[in-house]
A.B. asks: 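Below: one structure in structure tokens.
Lettering of chains follows the sequences in order, A, B, ..., and the numbering in each one begins at 1.
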There are 2 protein chains.
Amino acid sequence: MKKTVLVFSLLILALLLLFQFSKYTVISGDLNIEYIMAIIAIAFLGIGIFINKKTQKQPETSNDQINLQKVEELGLSKREYEVLKEVALGLSNHEIAKKLFVSESTIKTHVSSLLLKLNAKRRTQAIQISKDLNII
Amino acid sequence: MKKTVLVFSLLILALLLLFQFSKYTVISGDLNIEYIMAIIAIAFLGIGIFINKKTQKQPETSNDQINLQKVEELGLSKREYEVLKEVALGLSNHEIAKKLFVSESTIKTHVSSLLLKLNAKRRTQAIQISKDLNII
DNA sequence: AAGAAGCTCATACTAAAGTACTAATTTGAT
DNA sequence: ATCAAATTAGTACTTTAGTATGAGCTTCTT
């Protein structure tokens, strides 16, 4: 938000400067009007592209990046988060247990509390929710 | 590609028309130069944003695009594919049955054959595999 | 040191998920 | 019209998944 204000302020400033410059050069006859128009057109084309890139980058990066802050917000413990990632990989409780060198009942405990925290009824729903929250 | 050429052709045409228009109005004194500049600036700002949006949509869609050809390669029927998408949404067999107006046993049949075709042991694994193959 | 939180594990359940058939219709293509 | 594939649905069964509860142990904080 602060950046947006700054960018627009600079934009308005540039516009005003350009006006003054163009008025001066047209009157003094140093440049003809076509050049000034072309410069303005190109400049604002670039500014348009730049602004759009900035606004479009936000969803892009937030889509690919895993949001570890969200994990904390949800109150997921380190182990629960670890189990969640294995669940999302399509492993069964038994397979996860073997992989993490613990018993299956331990995994069940983790999964149960993880489902509660994610507000999911099933592990498949937990996967979907986690994907939406960008935590996996 | 054809669209790009068309867009740029129209862009150049618009530019030329604008030049002629501006030259006329400035000389005739109907409008002062600031207005024309402002119009050009806003127009090209919009064009810049528009172009950028078009070019940035390409990688987005190509990354997310679902590979329907792969679905056929796997031998998934229309209904099986439909069920798969619901499974990936995190729904239970019972919920899918209600949503598609069929019995739960029908969904079970679909899921079973779908798992076979995807070479998955569980529905969670099917989700993972489907995601890798870009079919959901 | 005491308490809270996290990790572990067990038992005993209930509830889903998944398999293996069989079978009746329906649909689509030759 | 006929044959193959698809959709539907059922029964009976096994396997996972998930819940509830209690409990021992470790780690970190106050």
Side-chain angles (χ1 to χ4, degrees), chain A residues 66-133 135-136, chain B residues 66-133 135-136:
Chain A
I66 41 176
N67 192 348
L68 290 173
Q69 209 191 326
K70 199 85 200 176
V71 178
E72 278 190 41
E73 273 177 47
L74 290 164
L76 283 176
S77 75
K78 210 191 291 182
R79 203 56 160 170
E80 284 162 358
Y81 182 53
E82 213 173 345
V83 171
L84 172 61
K85 285 187 287 187
E86 301 296 341
V87 166
L89 251 46
L91 302 187
S92 69
N93 289 337
H94 186 245
E95 286 171 337
I96 298 169
K98 279 195 297 179
K99 196 168 177 181
L100 301 184
F101 303 106
V102 291
S103 79
E104 192 182 334
S105 64
T106 302
I107 301 300
K108 282 190 177 187
T109 307
H110 287 320
V111 170
S112 271
S113 74
L114 160 175
L115 290 178
L116 254 176
K117 289 171 183 177
L118 283 173
N119 200 26
K121 287 177 194 160
R122 283 163 293 282
R123 47 169 62 206
T124 50
Q125 203 181 359
I127 294 171
Q128 171 68 11
I129 291 168
S130 302
K131 230 149 240 163
D132 279 350
L133 298 174
I135 61 176
I136 53 169
Chain B
I66 44 177
N67 191 349
L68 290 173
Q69 211 190 325
K70 200 86 198 174
V71 178
E72 278 190 41
E73 273 176 48
L74 291 163
L76 283 177
S77 75
K78 210 190 293 183
R79 203 56 159 171
E80 283 162 359
Y81 181 53
E82 213 173 345
V83 171
L84 172 61
K85 286 187 286 186
E86 301 296 340
V87 167
L89 250 46
L91 301 188
S92 70
N93 289 337
H94 187 245
E95 286 170 337
I96 298 169
K98 279 195 296 179
K99 195 168 178 180
L100 301 183
F101 303 106
V102 291
S103 78
E104 191 182 335
S105 64
T106 301
I107 301 299
K108 281 189 178 187
T109 307
H110 288 320
V111 171
S112 272
S113 74
L114 161 175
L115 290 177
L116 254 176
K117 288 172 183 176
L118 283 173
N119 201 26
K121 287 177 194 160
R122 283 163 294 282
R123 47 170 62 209
T124 49
Q125 203 181 0
I127 293 171
Q128 171 67 12
I129 290 168
S130 301
K131 231 150 237 162
D132 279 350
L133 298 175
I135 60 177
I136 52 170

A.B. asks: At 10 degrees resolution, what angle do the end axes of the helix from C:dA1-D:dT30 to C:dT30-D:dA1 form when each is taken over five base pairs?
C.D. replies: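 About 60°, once rounded to a multiple of 10°.
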A.B. asks: Please list, chain by chain and in numerical order, all residues satisfying salt bridge (charged side-chain N to carboxylate O under 4.0 Å, His left out) with B:Lys85, sequence neighbours excluded.
C.D. replies: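 Counting only residues at least two positions away or on another chain, B:Lys85 forms no salt bridge (charged side-chain N to carboxylate O under 4.0 Å, His left out).
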A.B. asks: Just checking B:Ser92: base, sugar-phosphate only, or nothing, at a heavy-atom cut-off of under 4.0 Å?
C.D. replies: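 Result for B:Ser92 = sugar-phosphate.
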A.B. asks: What residue pairs, at least two apart or across chains, pass salt bridge (Lys or Arg N to Asp or Glu O under 4.0 Å) with a residue in residues 95-115 of chain A?
C.D. replies: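 Non-adjacent pairs meeting salt bridge (Lys or Arg N to Asp or Glu O under 4.0 Å): A:Glu86-A:Lys99, A:Glu95-B:Arg122.
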A.B. asks: Which of the following nucleotides, C:dC7, C:dA16, D:dA9, is nearest to the side chain of A:Arg79?
C.D. replies: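 The listed nucleotide nearest to A:Arg79's side chain is C:dC7.
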A.B. asks: Name every residue in residues 84-91 of chain B that has at least one heavy atom under 4.0 Å from any atom of DNA chain C, in order of residue number, or write none if there are no such residues.
C.D. replies: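 The answer is none.
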A.B. asks: Any idea which heavy atoms bring B:Leu115 and B:Lys121 closest together, and the distance?
C.D. replies: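 Smallest heavy-atom distance, with atoms named: CD1-O, 4.2 Å.
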A.B. asks: Classify every nucleotide of nucleotides 18-27 of chain D by which part a protein heavy atom approaches to under 4.0 Å, writing B for the base, S for the sugar-phosphate alone and - for neither, in 5'-to-3' order.
C.D. replies: BB--------
A.B. asks: Without decimals, in angstroms, what is the distance between B:Leu114 CG and D:dT7 P?
C.D. replies: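 To the nearest whole Å, that distance equals 11 Å.
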A.B. asks: Take a 6.0 Å sphere around CG of A:Asn119 and say whether it holds more than 12 heavy atoms from other residues, nucleotides or ligands.
C.D. replies: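 Open.
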A.B. asks: Atom OH of A:Tyr81 and atom P of C:dG6: how far apart are they, to the nearest Å?
C.D. replies: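 Rounded to whole Å, this separation is 17 Å.
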A.B. asks: Name all residues meeting the side chain to side chain donor-acceptor pair (under 3.5 Å) criterion together with A:Glu82; count only those two or more places apart in sequence or in a different chain, and write none if there are none.
C.D. replies: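 A:Glu82 satisfies side chain to side chain donor-acceptor pair (under 3.5 Å) with A:Arg79 once adjacent residues are dropped.
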A.B. asks: D:dA5 P sits how many Å from B:Leu76 CG, rounded?
C.D. replies: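 Answer to the nearest Å: 16 Å.
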A.B. asks: Side chain to side chain contact (heavy atoms under 4.5 Å, CB included), that's the test. Do B:Val71 and B:Asn67 meet it? Break it down for me.
C.D. replies: CA-CA 7 Å; B:Val71 178; B:Asn67 191 349; over 6 Å; no
A.B. asks: Closest approach of A:Gln128 and B:Leu89, non-hydrogen atoms and distance?
C.D. replies: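 Reported closest heavy-atom pair: CG-O, 3.7 Å.
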A.B. asks: Does any non-hydrogen side-chain atom of A:Ile96 lie less than 4.5 Å from one of A:Val111?
C.D. replies: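 No, side chains not in contact.
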A.B. asks: Going by the rule salt bridge (charged side-chain N to carboxylate O under 4.0 Å, His left out), which residues pair with B:Glu72 if we only count those two or more places apart in sequence or in a different chain?
C.D. replies: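 Not a single residue meets the salt bridge (charged side-chain N to carboxylate O under 4.0 Å, His left out) criterion with B:Glu72.
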A.B. asks: Starting from C1' on D:dT16, measure out to CD1 on A:Ile96 and report it in whole angstrom.
C.D. replies: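 The answer, rounded to whole Å, is 12 Å.
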A.B. asks: I want to check one thing: is the phosphate of D:dA6, taken as OP1 and OP2, less than 4.0 Å away from some side-chain N or O of B:Ser77?
C.D. replies: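 No, B:Ser77 has no side-chain N/O under 4.0 Å of OP1/OP2 on D:dA6.
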A.B. asks: Looking at A:Tyr81 and A:Ile135, what are the two nearest heavy atoms and their distance?
C.D. replies: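 Shortest heavy-atom contact: OH-O, 2.7 Å.
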A.B. asks: Holding to side-chain contact (heavy atoms from CB on, under 4.5 Å), I want the full list of residues that pass it with B:Ser105, two or more places apart in sequence or in another chain.
C.D. replies: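 B:Ser105: side-chain contact (heavy atoms from CB on, under 4.5 Å) contacts with B:Ser103.
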A.B. asks: For B:Ile107 and D:dG10, what is the distance between atoms CD1 and P respectively, to the nearest whole Å?
C.D. replies: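 Rounding to the nearest Å, CD1 of B:Ile107 and P of D:dG10 are 12 Å apart.
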A.B. asks: How would you summarise protein contacts on nucleotides 23-30 of chain C per nucleotide, using B for base, S for sugar-phosphate only and - for none, with heavy-atom distances below 4.0 Å?
C.D. replies: --------
A.B. asks: So, do A:Ile127 and A:Lys131 sit near enough that their side-chain heavy atoms are less than 4.5 Å apart?
C.D. replies: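 A:Ile127 reaches A:Lys131 side chain to side chain.
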A.B. asks: Tell me whether the OP1 or OP2 atom of C:dC9 has a side-chain N or O from A:Ser103 closer than 4.0 Å.
C.D. replies: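 True: A:Ser103 side-chain N/O within range (under 4.0 Å) of C:dC9 OP1/OP2.
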A.B. asks: For B:His94 and for A:Glu104, find the nucleotide of DNA chain C with the closest heavy atom, then tell me which residue's nucleotide is more 5'.
C.D. replies: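 The residue whose closest nucleotide sits nearer the 5' end is A:Glu104.
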A.B. asks: Kindly give the heavy-atom pair with the smallest separation between A:Arg123 and A:Leu91, and that separation in Å.
C.D. replies: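 Shortest heavy-atom separation between A:Arg123 and A:Leu91 comes out as NH1-O, 3.0 Å.
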A.B. asks: B:His110 has a side chain; which of D:dT7, C:dC7, D:dA9 sits nearest to it?
C.D. replies: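 The listed nucleotide nearest to B:His110's side chain is D:dT7.
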A.B. asks: For B:Ile129, give me all partners under side-chain contact (heavy atoms from CB on, under 4.5 Å), at least two apart in sequence or on another chain.
C.D. replies: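 Scan of B:Ile129 (side-chain contact (heavy atoms from CB on, under 4.5 Å), adjacent residues dropped) gives B:Leu118, B:Ala120, B:Gln125, B:Leu133.
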